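See structure below.
In what follows, chains are A, B, ... by sequence order, proteins preceding strands, each numbered from 1. Note that the structure is predicted; figures quoted are calculated from it, not measured.
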2 protein chains.
Amino acid sequence: MPCGDSCPIEHTVNLIGHKWKVLILRNLHNMGTQRFGDLSKEIRGISQKMLTQQLRQMEIDGLIIRKVYPEVPPKVEYSLTELGETLKPVLDSMNLWGINHMKMSTPKDVEQ
Amino acid sequence: MPCGDSCPIEHTVNLIGHKWKVLILRNLHNMGTQRFGDLSKEIRGISQKMLTQQLRQMEIDGLIIRKVYPEVPPKVEYSLTELGETLKPVLDSMNLWGINHMKMSTPKDVEQ
DNA sequence: CCGAATCCGCAACGATACTG
DNA sequence: CAGTATCGTTGCGGATTCGG
């Protein structure tokens, strides 16, 4: 992995070119600040380890903010940074494409 | 495991929510039809196995077309399908985000 | 109790060598 | 040239455990 960021889209891909990251960002965009448990429940299919791992990396990359409340029971909230907010057009385009090209197994049942 | 196409963006992610797929699509978009060796050289960092694997899946998903020339030496060309072409807005938004937020000397593009 | 860390089994991945 | 085969390594999911 010599390069990685030689092209603009490669930079983007290195930050959000991962299935779970996109879904996490989608959740934070739609729902706003969310707790770990909320994300875990909403994004069913993701393991706790994967969720933690991706959240940590996205925090390092400056896409999200991790706020820990030193309380009992533990409470950790995740929210988008300004940089994370700027990804909205990308998420929107992906969402729009999904709407237009999803296999309509149940006709005209496209909820949006 | 209802791996999810319950949401539009999940459908998109299931098709192109992978680092290499995005880069492959980017190449086919920018360069047009390309041979296996071309993709392998342009997308340095990807292994042949990974390239083959992702190309096969994208062919199954109807994003690209694989054209084999029954010759010696072998010649295989990959190109975008109509469906694959429709992903251009998504790739463009990712590329645009990369341009605006890549850590480089874009003087004052960072403002939005 | 919630969020994260640990161990383990398995699938994915990279590098190399080989084939048609 | 365009893959396939094999192998060693890494990454991931699941269950369990820790820690506040």
Side-chain angles (χ1 to χ4, degrees), chain A residues 1-6 10 13-25 27-28 31-61 63-80, chain B residues 1-4 10 13-25 27-28 31-61 63-80:
Chain A
M1 44 173 156
C3 46
D5 276 33
S6 55
E10 291 190 31
V13 161
N14 285 333
L15 292 188
I16 63 167
H18 211 273
K19 173 179 178 177
W20 297 124
K21 287 183 181 177
V22 176
L23 297 181
I24 292 170
L25 288 173
N27 252 63
L28 292 179
M31 304 296 182
T33 299
Q34 281 198 309
R35 299 183 59 175
F36 183 89
D38 297 328
L39 291 170
S40 187
K41 277 190 283 286
E42 299 248 3
I43 314 175
R44 294 224 196 226
I46 192 173
S47 64
Q48 291 187 356
K49 185 199 287 186
M50 193 76 254
L51 181 54
T52 300
Q53 188 173 312
Q54 298 299 307
L55 286 171
R56 287 275 192 273
Q57 188 58 54
M58 291 168 72
E59 186 190 9
I60 294 175
D61 293 335
L63 298 179
I64 63 174
I65 294 176
R66 179 172 183 264
K67 184 172 184 180
V68 182
Y69 294 85
E71 305 172 352
V72 175
K75 179 180 174 183
V76 182
E77 284 184 345
Y78 293 91
S79 56
L80 292 172
Chain B
M1 293 51 123
C3 66
E10 291 189 31
V13 161
N14 285 334
L15 291 188
I16 63 168
H18 211 273
K19 174 179 178 176
W20 297 124
K21 287 183 179 175
V22 176
L23 296 181
I24 292 171
L25 288 174
N27 251 62
L28 293 180
M31 305 295 183
T33 299
Q34 282 199 306
R35 301 181 58 171
F36 184 88
D38 297 328
L39 292 170
S40 188
K41 276 190 284 289
E42 298 246 4
I43 315 175
R44 293 226 195 222
I46 193 174
S47 63
Q48 290 188 357
K49 182 199 288 185
M50 193 78 254
L51 181 55
T52 301
Q53 187 174 313
Q54 299 299 307
L55 286 170
R56 289 276 191 275
Q57 188 59 52
M58 292 168 71
E59 186 190 9
I60 293 174
D61 293 334
L63 298 179
I64 63 173
I65 294 176
R66 179 172 182 265
K67 185 172 183 181
V68 182
Y69 295 84
E71 308 172 351
V72 174
K75 178 179 174 183
V76 181
E77 285 184 345
Y78 293 92
S79 56
L80 293 173

Inset, instruction - Find the distance B:E71:CD to D:dA2:P and express it as a whole number of Å. - result: 11 Å
Inset, instruction - Remember a base hit wins even if backbone is also touched, and classify A:V76 as base, sugar-phosphate or nothing at under 4.0 Å, heavy atoms. - result: sugar-phosphate
Legend entry - CE-OH distance between B:M58 and B:Y78, expressed to the nearest 0.5 angstrom: 10.5 Å
Inset, instruction - To the nearest 0.5 Å, tell me how far B:I46 CD1 sits from B:L39 CG. - result: 8.5 Å
Inset, instruction - Would you mind reading off the distance between A:K49 atom NZ and D:dT10 atom P, rounded to a whole angstrom? - result: 15 Å
Inset, instruction - Considering just the side-chain nitrogens and oxygens of A:Q48, establish if one lies under 4.0 Å of OP1 or OP2 belonging to D:dG14. - result: no
Inset, instruction - Just compare D:dG3, C:dG20, C:dC13 and give me whichever is closest to any side-chain atom of B:H18. - result: C:dC13
Legend entry - Length of the line joining A:L51:CG and D:dG13:C1', which is rounded to integer Å: 13 Å
Legend entry - First of B:E77 and A:P70 reached from the 5' end of DNA chain D, by closest nucleotide: B:E77
Inset, instruction - Select base, sugar-phosphate, or nothing to describe what A:P74 touches, counting heavy atoms under 4.0 Å on all strands. - result: base
Legend entry - Euclidean distance, atom CZ of residue B:R56 to atom P of D:dA2 [Å, nearest integer]: 12 Å
Inset, instruction - Specify the separation, in whole Å, of atom NZ of A:K67 and atom P of C:dA4. - result: 16 Å
Legend entry - Nearest-Å distance for atom pair NZ/C1', residues B:K19 and C:dC13: 12 Å
Legend entry - Side chain of B:Y78 (C-beta onward), nearest among C:dG3, D:dC12, D:dG3: D:dG3
Legend entry - Distance in angstrom units between A:E59 CD and C:dG3 P, rounded: 15 Å
Inset, instruction - Supply the atom-to-atom distance B:I24 CD1 to B:E42 CD, rounded to the nearest 0.5 angstrom. - result: 12.0 Å
Inset, instruction - Could you tell me whether a side-chain N or O of A:S40 sits under 3.5 Å from a main-chain N or O of A:F36, the two making a donor and an acceptor? - result: no
Legend entry - Below 4.0 Å: OP1/OP2 of C:dA12 and any side-chain N or O of B:Q53: no
Inset, instruction - Kindly say if A:R35 contacts the phosphate of C:dG3, meaning a side-chain N or O under 4.0 Å from OP1 or OP2. - result: yes
Legend entry - Spacing of A:L23 atom CG and A:I43 atom CD1 [to the nearest 0.5 Å]: 6.0 Å
Legend entry - Under 4.0 angstrom between A:W20 side-chain N/O and D:dG13 OP1 or OP2: yes
Inset, instruction - Answer yes or no: does a side-chain N or O of A:R66 lie under 4.0 Å from OP1 or OP2 of C:dG3? - result: no
Inset, instruction - Whole angstrom is fine here: how far is it from CE in A:M50 over to C1' in C:dA12? - result: 13 Å
